[in-house]
Amino acid sequence: MLNIIAISGSLRAASTNSALLAALAASAPADCRVHLYDGLGRLPIFNPDDEGERTPSEAARLIEMITRADGVIVSCPEYAHGVPGGMKNALDWLVSGDAAIDKPAMLVHASPRSLYARAALAEIMRTMSFALYDGGLEIALLGKKSAETEMILNEDPNRQAMREAVRAFAGFIRGQT
């Protein structure tokens with residue numbers, strides 16, 4: 001059984017990125033367990049002086065989850081042509097340790113317009129030595145209300161696409177280890 005952590009870069013209650021990850025987790029193949037990380041908004045702002053014995057509990061929880069995971073899936077919005085501060089902050093907590101090194105990661109997208117954030121996030125994660133999977137998934141949910149988002153994510157072709165994306169990522173993970 002593969003253990004995969006999914007992180008949404010959005011803190012919005014009605015986030016399409018979070019909805020995409022929840023649907024992805026529900027559609028995952030039987031040999032993959034996808035857990036949603038829910039602590040992004042509780043992470044304190046990264047400060048290198050607070051690493052080691054002084055690491056805040058939520059940061060330590062994130063580091064431990066990534067360390068134990070077989071892979072990481074990220075869905076992140078774009079703000080002002082960049083990665084939102086909360087997502088970047090989460091990654092900063094991982095920089096000086098080895099949790100990210102060679103950790104398989106896949107990016108999935110809820111908007112076809114987040115091209116700057118996609119490129120920036122991929123660059124950040126490659127720089128941190130994540131093993132970035134070239135495949136991924138995009139389901140256009142930008143501007144959709146919760147009910148419409150749920151309907152789109154429950155359509156059979158989208159559920160199949162989510163299942164196949166996780167299955168392909170699982171194959172990538174198994175090839176990395």
Side-chain angles (χ1 to χ4, degrees), residues 2 4-12 14-25 27-28 32 34-41 43 45-48 59 62-63 65-67 69-144 149 152-153 157-158 161-173 175-176:
L2 289 179
I4 299 170
I5 301 301
I7 302 173
S8 172
S10 177
L11 296 175
R12 289 183 55 232
S15 165
T16 55
N17 291 281
S18 298
L20 174 57
L21 290 176
L24 194 83
S27 299
C32 298
V34 179
H35 302 277
L36 304 176
Y37 173 67
D38 64 355
L40 194 69
L43 282 170
I45 294 173
F46 174 71
N47 179 344
L62 171 65
I63 294 164
M65 287 179 78
I66 300 298
T67 298
D70 296 303
V72 178
I73 299 173
V74 175
S75 184
C76 188
E78 176 173 299
Y79 295 155
H81 283 188
V83 177
M87 185 70 224
K88 178 63 168 78
N89 184 53
L91 293 170
D92 286 345
W93 279 108
L94 302 171
V95 167
S96 66
D98 59 1
I101 296 174
D102 295 327
K103 184 67 63 176
M106 177 173 72
L107 303 179
V108 299
H109 309 285
S111 170
R113 296 190 337 198
S114 62
L115 301 178
Y116 293 101
R118 288 181 196 200
L121 187 57
E123 176 63 18
I124 292 164
M125 293 178 75
R126 279 189 201 99
T127 299
M128 294 175 64
S129 298
F130 275 97
L132 206 54
Y133 173 58
D134 285 335
L137 174 72
E138 179 183 299
I139 298 179
L141 301 171
L142 180 67
K144 306 293 188 224
T149 295
I152 291 167
L153 292 171
N158 289 330
M162 289 183 280
R163 191 170 16 265
E164 287 304 317
V166 176
R167 183 173 289 127
F169 181 50
F172 176 76
I173 291 169
Q176 292 291 106

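For the numbers below, each heavy atom of this structure counts, side chains included, while hydrogens, waters and symmetry mates do not.
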Tell me every residue that passes side chain to side chain contact (heavy atoms under 4.5 Å, CB included) with [X], counting only those two or more places apart in sequence or in another chain.
| X | answer |
| --- | --- |
| A119 | none |
| A22 | L36 |
| M65 | I5, Y37, R61 |

Legend entry - Donor-acceptor pair, side chain of D70 and main chain of L2, under 3.5 angstrom: no
Legend entry - Residue list, side-chain hydrogen bond (donor to acceptor under 3.5 Å, both in side chains) with T67, at least two apart or on another chain: none
Inset, instruction - Taking side-chain hydrogen bond (donor to acceptor under 3.5 Å, both in side chains) as the test, write out the residues that go with S15, two or more places apart. - result: S10, S18
Inset, instruction - For I45, look at atom CD1 and say whether over 12 heavy atoms of other residues, nucleotides or ligands are found less than 6.0 Å away. - result: no
Inset, instruction - Can you sort out the partners of F169 under ring-ring contact (aromatic ring centres under 6.0 Å, His included), two or more places apart, ordered by chain and number? - result: Y133
Inset, instruction - Please name all residues satisfying ring-ring contact (aromatic ring centres under 6.0 Å, His included) with F46, sequence neighbours left out, ordered by chain then number. - result: W93
Inset, instruction - May I have the step-by-step check of side-chain contact (heavy atoms from CB on, under 4.5 Å) for L121 and L91, ending in yes or no? - result: CA-CA 10 Å; L121 187 57; L91 293 170; 3.7 Å; yes
Separation of [Y] [atom2] from [X] [atom1] (nearest 0.5 Å):
| X | Y | atom1 | atom2 | value |
| --- | --- | --- | --- | --- |
| H109 | L142 | NE2 | CG | 13.5 Å |
| I73 | L20 | CD1 | CG | 9.0 Å |
| M87 | I7 | CE | CD1 | 5.0 Å |
| I173 | I4 | CD1 | CD1 | 4.0 Å |
| N158 | I139 | CG | CD1 | 4.0 Å |
| L21 | M162 | CG | CE | 10.5 Å |

Inset, instruction - Sorted by first residue and then second, give each salt bridge (charged side-chain N to carboxylate O under 4.0 Å, His left out) pair with at least one member in residues 118-135; sequence neighbours left out. - result: R118-E138
Inset, instruction - Could you list all the salt bridge (charged side-chain N to carboxylate O under 4.0 Å, His left out) pairs where at least one residue sits in residues 91-114, not counting sequence neighbours? - result: K88-D92
Inset, instruction - Using the side-chain hydrogen bond (donor to acceptor under 3.5 Å, both in side chains) rule, collect all pairs that involve residues 73-82, keeping only residues at least two apart or in two chains. - result: N17-S75
